[in-house]
Structures are given as structure tokens and as C-alpha cells.
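Structure first, then comments.
What you see is a predicted model; the values in this text were computed from it and never measured. We name chains A, B, ... by the order of the sequence lines, and we start the count at 1 in each one.
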Protein chains: 2
Amino acid sequence: MSRIASPAELSPERETVDTIIRGDCVAALEALPDRSVDVVFADPPYNLQLSGGLQRPDQSHVDAVDDEWDRFASFEAYDAFTRAWLLACRRVLKPTGTIWVIGSYHNIFRVGATLQDLGFWILNDVVWRKTNPMPNFRGRRFQNAHETMIWATRDRDARGYTFNYEALKAGNDDVQMRSDWLFPICTGGERLKDENGRKVHSTQKPEALLARVLMASSKPGDLVLDPFFGSGTTGAVAKRLGRHYVGIEREQAYVDAAAARIAAVEPLGKAELQVMPGKRSAPRVAFTVLLESGLVAPGTVLHDARERYAAVVRADGTLVANGEAGSIHKTGARVQGLDACNGWTFWHFRTPEGRLAPIDELREVVRREMAKAG
Amino acid sequence: MSRIASPAELSPERETVDTIIRGDCVAALEALPDRSVDVVFADPPYNLQLSGGLQRPDQSHVDAVDDEWDRFASFEAYDAFTRAWLLACRRVLKPTGTIWVIGSYHNIFRVGATLQDLGFWILNDVVWRKTNPMPNFRGRRFQNAHETMIWATRDRDARGYTFNYEALKAGNDDVQMRSDWLFPICTGGERLKDENGRKVHSTQKPEALLARVLMASSKPGDLVLDPFFGSGTTGAVAKRLGRHYVGIEREQAYVDAAAARIAAVEPLGKAELQVMPGKRSAPRVAFTVLLESGLVAPGTVLHDARERYAAVVRADGTLVANGEAGSIHKTGARVQGLDACNGWTFWHFRTPEGRLAPIDELREVVRREMAKAG
DNA sequence: ACCCTAATTGAATCATCAT
DNA sequence: TATGATGATTCAATTAGGG
């Protein structure tokens with residue numbers, strides 16, 4: 001199922017979808033065409049000031065020294081590395097695409113500032129609260145019980161990015177999804193182990209986290225890029241949710257583990273993957289269509305829900321209230337003394353049973369008719 | 001009780017304790033001696049970049065932060081401002097002192113990176129989760145339900161900073177305090193209002209938040225500095241908790257309001273200066289969590305208790321019945337022809353033993369898991 | 001005094017399409 | 001690219017007011 005490739009085999013002209021590219025992230029990204037990716041999910045290394053030392057953008061090793069100048073130099077090197085991979089991701093991101101980056105306080109502030117400097121526009125920071133974080137053993141700090149994700153568009157004025165607001169709300173007891181998410185860390189059967197029972201990757205992310213990220217910000221069939229693929233959680237969840245993926249990973253051991261893992265994933269069926277659409281994506285229906293189809297007769301009197309206002313429907317699809325005519329929206333706004341109004345939900349008609357119902361219900365009737373007719 | 005001073009009256013030699021200094025933060029800090037402050041709590045301007053107005057769905061106007069003090073020409077200008085006040089704070093901070101800075105995604109990444117650049121050493125980032133955040137009115141993003149605080153020492157190898165680990169743990173059901181805190185925003189009687197009933201300051205912080213900050217990272221008698229004093233929450237809480245304070249504030253109106261507020265504060269007796277337990281989080285479980293955690297698989301068919309109705313679970317956390325999708329509650333209501341329905345108790349799944357059980361049982365499983373995180 | 005409903009409000013980077 | 005029309009969109013808490 002998932003192909004493994006080295007950068008040399010790939011070019012923007014060749015198919016890279018559902019592939020793990022082995023190699024350095026910036027170099028490997030050259031194999032991807034401009035503006036081809038819908039969502040980037042990145043879990044970059046933050047081996048900052050730690051025993052492992054720091055890598056330059058060219059992956060050469062920086063000697064860890066505790067001098068003042070070196071500390072500065074180290075942050076600079078990390079920033080340069082961050083700039084390089086973020087710029088490469090930005091090139092391959094569609095104008096309507098979004099990027100997620102996850103990190104901890106060691107690196108997330110530098111990543112966030114760099115994102116802003118490069119022109120990305122932050123939509124949210126989202127906190128992953130861990131149900132079962134590692135305790136603080138020394139008792140010298142608060143238990144580090146969360147990580148931070150930044151969600152951003154490519155550009156400040158980006159329009160048309162995917163956010164499945166309605167579906168998230170419907171799955172969240174009908175209240176909108178907040179910026180703090182609670183999930184367990186990755187343990188148990190989900191955690192990849194090698195033949196000696198040791199964990200394959202030190203920071204394997206839980207699939208539940210990626211599932212919410214991808215359900216929120218992508219559509220079935222979208223292309224998801226993970227430039228630090230690691231154990232392949234992004235690929236596994238993308239495949240299960242009917243999204244395409246490209247993963248980039250330097251270490252052969254991770255590549256192999258991820259490929260095997262993804263191969264075992266069974267994608268969900270089309271029906272289960274349908275995302276609940278919001279009204280925004282529904283076809284537009286003009287008020288005149290209700291008249292033309294006989295659902296509303298000229299001369300009908302419409303009211304607001306509490307019958308404080310009234311208006312009469314004219315044959316041309318306008319409403320008249322207090323002697324002035326206008327669209328359902330304009331008239332609704334005018335009678336209330338407001339700037340704007342959604343006439344579809346404001347104006348009500350009386351049903352045969354005597355109930356007062358919004359004309360939006362009639363629009364729904366029309367939409368169902370339209371759907372049947374194709 | 002609290003003295004108000006202009007910088008000209010002050011010098012490092014004169015006593016500045018329990019004083020509000022009116023003036024620019026960097027200039028006013030020159031009045032303070034080197035290494036004299038135990039804790040800095042800073043709530044700098046967030047550099048919100050609001051383009052236009054915002055209306056609620058009912059067309060009422062959202063009173064946004066449009067204060068002059070929050071306007072910066074560019075990220076560069078904001079960074080220069082941040083460097084300047086952080087450097088000034090660093091000079092007056094004791095080698096054993098710590099600094100807190102609060103912000104949102106608009107500014108906190110730049111603040112955090114600057115802290116690191118200047119040599120501060122981050123101990124934790126702490127998330128303030130709001131019980132009652134403002135909604136996202138247009139449904140284009142996640143509800144912005146938290147702010148971030150960074151807690152840092154003056155230097156990388158700082159020793160001897162105050163962290164009342166045992167006291168915090170004792171007040172937290174004997175488990176160590178996590179990095180995610182839950183508090184309501186500042187409203188009601190605590191919120192300072194002017195004679196017209198309008199809020200005095202657009203971003204007044206809750207006293208509970210400051211109380212936990214100061215109880216965690218300071219001792220009675222310590223000196224707490226707030227370089228952006230605003231309505232004086234830091235001073236009020238410091239006085240109540242038996243800490244000394246210095247506040248710096250540019251605007252006379254804020255200075256006056258803060259002075260009056262602090263004057264009315266009654267300090268607690270020594271015996272009462274114990275940690276207050278945090279409010280436990282309200283256990284809300286989204287249906288999507290059952291999917292994300294694998295307790296329910298997409299495609300599962302749910303029934304009511306008597307199997308008169310059926311619905312299919314989709315990956316986005318919605319149910320489909322008779323071709324229409326919606327939340328567990330909405331769908332349960334629709335199939336019964338009712339206005340409302342508790343989907344958790346209405347919809348049932350078949351257990352491995354063949355028993356029909358409400359999905360509420362699965363929610364209980366998740367709740368037990370989540371309870372660990374508060 | 002009490003209950004129920006309505007109104008108000010909070011650090012917010014909050015639309016899209018046709019012309 | 002700018003303008004105007006259409007029409008999509010809110011949660012928790014407190015406070016005020018009516019009965």
C-alpha cells in the first residue's frame with residue numbers, strides 16, 4: 001500500500017501520494033509540486049539544549065557548549081532549521097491549505113514566532129491536555145501536562161480553508177469545539193514496540209489526536225503532508241480516514257516501522273467518512289423560488305417568531321413592511337432597526353397546523369427537491 | 001496603604017515597596033534597584049490585530065480591545081518593545097527570582113522566544129483554561145478557550161527559586177499541580193466598573209489566577225513587580241496574601257482605580273495563608289471522543305432500547321438515520337419526532353455479550369479515564 | 001422572598017459571492 | 001480590486017425584570 005522512495009527517485013512530475021520519502025525534510029520536499037498539499041502536520045524535533053545536541057539545517061552536528069555565545073548560536077541554529085522546513089512546507093501548501101505544528105515550551109515559541117515572521121497566519125493555538133502525563137520527579141516545577149499545537153493558514157487573508165465546524169460541533173454535544181483537547185498519551189497496544197519490546201519512537205503521538213486534527217481541517221481525498229513522519233501516526237490516521245498522505249523521514253528504522261504499520265490499516269468506508277455539511281456548503285436558493293414553486297403565495301403575511309413584526313410577500317419576491325419594500329434580509333433588518341438580518345431564519349409563516357415556522361423550513365423543502373433531481 | 005508616585009520622585013535609594021509608579025514601564029523600572037524583586041508578573045499588551053468590527057449572531061456589537069496601548073506598527077516593533085521591558089525586568093529581578101508572562105497566540109510566541117533569547121530559562125508554560133470563554137461567533141475557528149503563561153527563571157542555572165510544591169500538592173487532592181489550570185474569566189462583582197457601569201479595564205485578570213501564581217512561586221513578605229499594572233489585580237492579590245508589590249502603569253485612570261481597589265483589600269492572617277484548592281473541571285465528554293478512543297467504530301449501528309429506530313455512526317461523530325445526519329441528540333429527537341432528546345441515554349450499542357447498552361456506559365469509561373486530568 | 005425569562009457580556013487576529 | 005448583496009453565526013454566567 002504505502003510506497004517508500006528516496007528523493008532521487010522522485011520529482012514533482014512523479015506521483016508522490018501515499019508515499020514515505022526517506023531523507024532530509026527540506027531536500028525531500030523538493031520532490032513535491034508547488035501548492036499541492038491540503039494540510040501539513042509537523043512534529044519537529046526539539047532537541048534543544050538537551051544531551052542529544054543540535055543539528056544544523058544541513059544536519060551536521062553542533063557541539064554543545066555552555067558558553068553564553070553558544071547558547072545564542074544554538075537558538076539561531078534552531079531558528080534557521082525551523083525557517084528552512086517551514087519555508088519548504090509553505091511552497092507546497094495550497095493557498096487554501098493549513099498547517100499544524102506541535103511542540104512543547106522548549107521549541108513552540110520559536111516555531112510560532114517563525115511562523116508569523118514567514119507570513120503564516122495563526123488561526124488557533126490548541127492545547128493537548130494529557131490525561132496521563134509523566135510526573136515531575138524532582139518536584140521543582142508544575143507537572144508538564146500538555147503540549148501546544150499551532151494551526152495556521154499560509155497567508156493572512158487566506159480564504160476557503162477547511163474547517164468542519166458543523167461536524168465538530170455535532171460530535172461535541174452540540175457546542176462548538178474549544179481550543180483545549182483532552183487525550184491520553186500513546187500507550188498500550190497502539191504504541192509501536194520493536195522485537196525487544198522497546199518503544200520504536202520516543203514521541204509517538206496518539207492516533208486520537210491526529211484523528212481530531214484531520215477530521216477538523218481536512219476532507220476525504222485531501223493530501224496530508226508530515227515532514228517529520230517518525231512512526232507514521234499521521235499516515236496511519238490519514239489512510240484510515242480516507243485522506244492521502246506523504247511522509248518524510250530520515251531514519252530507515254522509522255520508515256520501515258511506519259510502512260508496516262500503515263499497511264495494516266483498514267480504511268473506513270465512504271459512507272462512514274461523510275462529513276456533516278454546514279449551511280454554507282448548501283446550494284443557494286432564492287426566495288423567489290419559493291413563490292415560483294407555490295410554497296409561498298403572494299400576499300402571504302410573514303411574522304417574526306414572537307409576532308412583533310409583520311410583512312407581506314409580493315409576487316416579485318420582495319417583502320413589504322410599513323410601506324417599504326426590500327429583500328427578506330433587508331426588510332428583517334429594517335423592521336428591527338439593525339444593520340443586518342438573516343431573513344430565512346427571522347421570518348416565519350403559519351403552518352396548516354397553526355404553528356409558526358421559519359421560512360428556512362420551506363427552503364429545506366426546495367433543497368431536498370433539488371437534491372432528488374440531481 | 002498604597003502610594004502613588006511618579007518616576008521623578010523615586011530613585012533606587014528610596015523605598016518603592018507597595019507603590020504604584022505612574023509612567024512608562026521601562027523608564028519607571030530605573031527607579032528600582034538591581035536584584036530586588038522576587039517575582040515579576042507581566043500582562044503585556046497582546047498586539048491583537050483586529051481588522052474590523054464583530055457582531056454576535058443577534059447583531060449586537062462585541063466590545064473588542066481597541067485600546068491605544070495595544071497598537072503596534074509591526075512584529076518588529078512589538079519585539080523591540082518586548083525586549084526592552086524584559087531586559088529592564090531582568091535587571092531588577094533577584095538571581096533567585098522568577099518571571100511570569102501571560103499572553104495569547106497573538107503575542108506569546110514572540111514573548112517566549114524573546115525570553116529565551118535574553119537568557120531567561122523557562123520552567124513551565126501554564127495554560128489558563130477558561131470555564132466561560134467568549135464563543136467563536138462566525139464558526140470559522142475553534143473557540144479560543146485559553147491563554148498561556150510562561151514561568152521562567154532569570155538564568156539557565158538559577159538555583160533557589162521559590163516553588164511551593166508540597167503546599168500546592170496538598171491543596172490539589174494530594175496530586176502534583178499540573179500545567180493546565182481552570183478558572184472563570186473575571187466578571188460579576190470582581191470586575192471593576194466605572195460610574196457608568198462600564199468596565200474600567202478591558203482585560204482585567206481574575207484574582208484566583210494571580211492567587212495561584214503567587215501562592216506557587218512566592219513567599220509571604222516577597223516583593224512582586226507588575227510592570228503592566230492595569231486595574232491592579234496583582235497588587236490586590238499580593239496585599240491579600242501578605243506579599244509586597246510594585247506596580248507600574250501609564251494611564252492615570254487605571255492607577256486611580258487600582259489604588260482604590262487595593263486600599264479596600266484586607267490582608268489575610270498568617271494562618272489563612274494556605275493554598276486554595278483549584279476548581280475541578282466540569283466533566284464534559286464529546287461523542288467524538290468515543291470514536292477517537294476506539295470505543296465506538298465508525299459504521300456501528302446504534303438502536304434505541306426497544307430497537308424501533310436505528311442510526312449509523314460516522315467518523316465525524318454524527319449519526320445518520322433515514323439519510324439525515326446530526327448529533328446524537330438531534331438525531332434521537334428527529335427519529336422520534338420530538339424537539340429534544342438525550343442521545344447518551346437514548347442510543348444503545350450491542351455489547352460483546354449481546355446485551356443492548358446505552359452509549360452513556362461508554363461515556364462513563366471515558367470519564368473515569370479523564371478524571372485523572374481533573 | 002422566590003421563580004422564571006430575558007438581556008447582557010467577555011483579550012477575537014471571526015464570510016463569501018456576484019458584479 | 002472595490003463594492004454591495006446575501007445570509008451564516010454563540011457559551012457560560014451574571015444581572016435585571018416581570019409575575
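A donor and an acceptor atom never sit less than 3.5 Å apart when one is taken from the side chain of B/K130 and the other from the base of C/dA11. A/R363 contributes no side-chain N or O that forms a donor-acceptor pair with the base of D/dG7 under 3.5 Å.
Checking D/dT6, C/dG10, D/dT9 against the side-chain heavy atoms of A/R280 singles out D/dT9 as nearest. Distance from the side chain of B/M134 is smallest for C/dC14 among the nucleotides D/dT14, D/dA12, C/dC14.
Ring planes of B/F72 and B/F81: tilted class, angle from 30 to 60°.
In this structure, A/Y165 reaches the D/dT10 phosphate: one of its side-chain N or O atoms is under 4.0 Å from OP1 or OP2. Dashed line: the shortest gap from a side-chain N or O of A/H329 to OP1 or OP2 of D/dG7 is under 4.0 Å. Between B/K205 and C/dA11, a side-chain N or O to OP1/OP2 separation shorter than 4.0 Å is absent. At C/dC14, none of the side-chain N or O atoms of A/R159 fall inside 4.0 Å of OP1 or OP2 (strictly under the cut-off).
Figure legend: cation-pi geometry between A/R280 and A/Y165 absent, as NZ or CZ is not positioned both under 6.0 Å from the six-membered ring centre and within 45° of its axis. A cation-pi arrangement is present between A/R90 and A/F120, with the terminal nitrogen or guanidinium carbon under 6.0 Å from the aromatic centre and inside a 45° cone about the axis.
When side chains are defined from C-beta on, B/M370 does not count as touching A/R129, because their heavy atoms never get closer than 4.5 Å.
Taking atom P on both D/dT9 and C/dC17, the two are 14 Å apart, rounded to the nearest angstrom. Separation of the P atoms belonging to D/dT15 and C/dA11 is 15 Å when rounded to the nearest angstrom.
In this structure, B/N107 places its CG atom 13 Å from C1' of C/dA12, rounding to the nearest Å. Between the CD atom of A/E364 and the P atom of D/dA8 there is a distance of 10 Å, rounded to whole Å. One interatomic measurement links the two molecules: CG of B/D70 to C1' of C/dG10, which rounds to 16 Å at whole-angstrom precision.
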